[in-house]
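Here's the structure, in structure tokens; my notes come after.
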Protein chains: 2
Amino acid sequence: MSGEDNLLRLVEADEPDENNYHLQDQVGFILRKAHQRHVSIFATHIDDLTPPQFAALAKLYDIGETSQNQLGTLIAMDAATVKGVIDRLKARGLVELSKHEVDKRRLLVNLTPEGREAIERLIPLARTITGETLAPLTAKEAATFLRLLAKLA
Amino acid sequence: MSGEDNLLRLVEADEPDENNYHLQDQVGFILRKAHQRHVSIFATHIDDLTPPQFAALAKLYDIGETSQNQLGTLIAMDAATVKGVIDRLKARGLVELSKHEVDKRRLLVNLTPEGREAIERLIPLARTITGETLAPLTAKEAATFLRLLAKLA
DNA sequence: CTGATATCATTTGCATACGAATGAATTTGA
DNA sequence: TCAAATTCATTCGTATGCAAATGATATCAG
């Protein structure tokens, strides 16, 4: 093996790159931490509902009755996950289920009066939560961040 | 009730605000979706390890042997979560556990040779995953995004 | 030196999250 | 029209993620 080969191996070797790998610089790791922080802030303001449960109620409040599957698509949850969320909201009387008259496969979900009251009460808190989550940024930075984040999501 | 009262109620009523609330504009919801997308990209490139498992191995590769608790702090997992992650890595022979000689409360975690091989093999893939996650952004946008995201995390 | 505190790890319980398999109902296409 | 493909919902299994309680050990304060 020549000296040039050794030089080449050093330059192209995996080791230097591997030593330079730092988890805290990876977008996935920071994304996970930012999400964790948001969920934590959410819990300090709304302690009787999780973010996914809130999302389900907010979406139903926005669009009205829909199928469980369609709701899942709108709030980015797969069928198995949305079922659990809806089950728990139903157990608490915040949503009610009914069968679709025409398409017998579908399970319709809608807010109960209690669910409507709950989401109307919580939406102002959700605005506070959003504000607190973005608090480390200036208004301009927050706008930029949301724009770029949306491109990634 | 006077006409002025009605006007006042309309302007100050909750309904307009509530109707304006859209889940897809909330930072928490978008953050959750961006995280989901990243995890999905991760899984297409690394199908035998989860992001938290990868994080544990990468951190151990970076800093060497440490206590389970300390590792949890470094990779942003609480004690209960990190235990499960380490248990599964141990079951696969990627990490090994030992007792701290002095402080008998501590459980030391370290990479096995197999774990070291695995993380060295995976780090290049992790770089690809980061790249793919950030692909919707230009290089400049990605830099801005990472800077702002880090301020939030 | 010792009782109060704090730290480390474990366990339990609950709530996402998703892949894969299944069954029922609907839609498609040759 | 009718078999194949698709859609909707459910179930199971596995893996985070966190709060709260517990037990063992270590540290601190008086």
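Just so we're on the same page: letters track the sequence lines, and every chain starts at 1.
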What's [X] touching, base or sugar-phosphate or nothing? Going by heavy atoms closer than 4.0 Å.
{"X": "B:Val85", "answer": "sugar-phosphate"}
{"X": "B:Ser67", "answer": "sugar-phosphate"}
{"X": "A:Asp78", "answer": "base"}

Determine, for A:Asp103 against A:Arg106, whether the closest basic-nitrogen to carboxylate-oxygen distance falls under 4.0 angstrom.
->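 The answer is yes: the pair qualifies as a salt bridge.
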Can B:Asp48 and B:Arg121 be counted as an ion pair, charged N to O under 4.0 angstrom?
->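 Here B:Asp48 pairs with B:Arg121 in a salt bridge, since their nearest N and O are under 4.0 Å apart.
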How would you list, by chain and number, every residue that makes a salt bridge (charged side-chain N to carboxylate O under 4.0 Å, His left out) with B:Arg92, sequence neighbours excluded?
->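 Counting only residues at least two positions away or on another chain, B:Arg92 forms no salt bridge (charged side-chain N to carboxylate O under 4.0 Å, His left out).
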Applying ring-ring contact (aromatic ring centres under 6.0 Å, His included), which residue pairs with at least one partner in residues 95-152 of chain A are found, sequence neighbours left out?
->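 Applying ring-ring contact (aromatic ring centres under 6.0 Å, His included) to every pair that reaches into residues 95-152 of chain A, excluding sequence neighbours, yields A:Phe145-B:Phe145.
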N/O donor-acceptor pair under 3.5 Å between [X] side chain and [Y] backbone:
{"X": "B:Glu132", "Y": "B:Ile41", "value": "no"}
{"X": "A:Gln36", "Y": "B:Ala76", "value": "yes"}
{"X": "B:Ser67", "Y": "B:Leu108", "value": "no"}

Should we count NZ of B:Lys151 as having more than 12 external heavy atoms under 6.0 Å?
->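 Counting other residues, nucleotides and ligands, NZ of B:Lys151 exceeds 12 neighbours.
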Can you tell me if the side-chain N/O atoms of A:Thr50 get under 4.0 Å from OP1 or OP2 in C:dT16?
->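 Result: yes.
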Counting just side-chain N and O atoms, does B:Gln70 come under 4.0 Å of either OP1 or OP2 of C:dT7?
->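 Checking C:dT7 against B:Gln70, no side-chain N or O comes under 4.0 Å of OP1 or OP2.
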Toward the 5' end of DNA chain D, by each residue's nearest nucleotide, A:Asp87 or B:Thr81 |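 First, find each residue's nearest nucleotide; the 5'-ward one identifies A:Asp87.
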Toward the 5' end of DNA chain D, by each residue's nearest nucleotide, A:Val39 or A:Leu107 |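 That would be A:Leu107.
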Does anyone know the first and last nucleotide of DNA chain D in reach of chain A, 5' to 3', at under 4.0 angstrom to a heavy atom?
->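 Answer, 5' to 3': D:dT7 to D:dC18.
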Nearest 0.5 Å please: distance from the CG atom of A:Asp87 over to the CD atom of A:Gln68.
->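 With rounding to 0.5 Å, CG (A:Asp87) is 7.0 Å from CD (A:Gln68).
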Rounded to whole angstroms, how far apart are [atom1] on [X] and [atom2] on [N]?
{"X": "A:Leu49", "N": "C:dC14", "atom1": "CG", "atom2": "C1'", "answer": "14 Å"}
{"X": "B:Leu71", "N": "C:dA9", "atom1": "CG", "atom2": "C1'", "answer": "14 Å"}
{"X": "A:Phe54", "N": "C:dA15", "atom1": "CZ", "atom2": "P", "answer": "18 Å"}
{"X": "B:His35", "N": "C:dT16", "atom1": "NE2", "atom2": "C1'", "answer": "12 Å"}

Could one point to a donor on the side chain of B:Arg105 or the base of C:dT7 with an acceptor on the other under 3.5 Å away?
->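 Checked by distance alone, the answer is yes.
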Taking five pairs at each end, how big is the angle between the two axes of the helix from C:dC1-D:dG30 to C:dA30-D:dT1, to 10°?
->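 For the helix from C:dC1-D:dG30 to C:dA30-D:dT1, the axes at either end differ by 30°.
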Among side-chain atoms of B:Thr133 and B:His38, is any donor-acceptor pair under 3.5 angstrom?
->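 Yes, because at least one side-chain N or O of B:Thr133 sits under 3.5 Å from a partner of the opposite role on B:His38.
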Closest-nucleotide ordering on DNA chain C, the 5'-leading residue of A:Met77 and B:Lys83 |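 Whichever sits nearer the 5' end wins; that is B:Lys83.
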5' priority, DNA chain C, between A:Pro52 and B:Ala80 [closest heavy atom] |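 Comparing both residues, the 5'-ward one is B:Ala80.
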Whether A:His35 and B:His35 hold their rings parallel, tilted or perpendicular, with breakpoints at 30° and 60° =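 Parallel.
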Which hydrophobic side chains are connected to A:Val39, either touching it within the sub-4.5 Å cutoff or through other members that do?
->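 Members besides A:Val39: none; it forms no cluster.
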Do any of residues 93-104 of chain B sit with a heavy atom less than 4.0 Å from DNA chain D, and if so which?
->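 Residues of residues 93-104 of chain B under 4.0 Å from DNA chain D: B:Val102, B:Asp103, B:Lys104.
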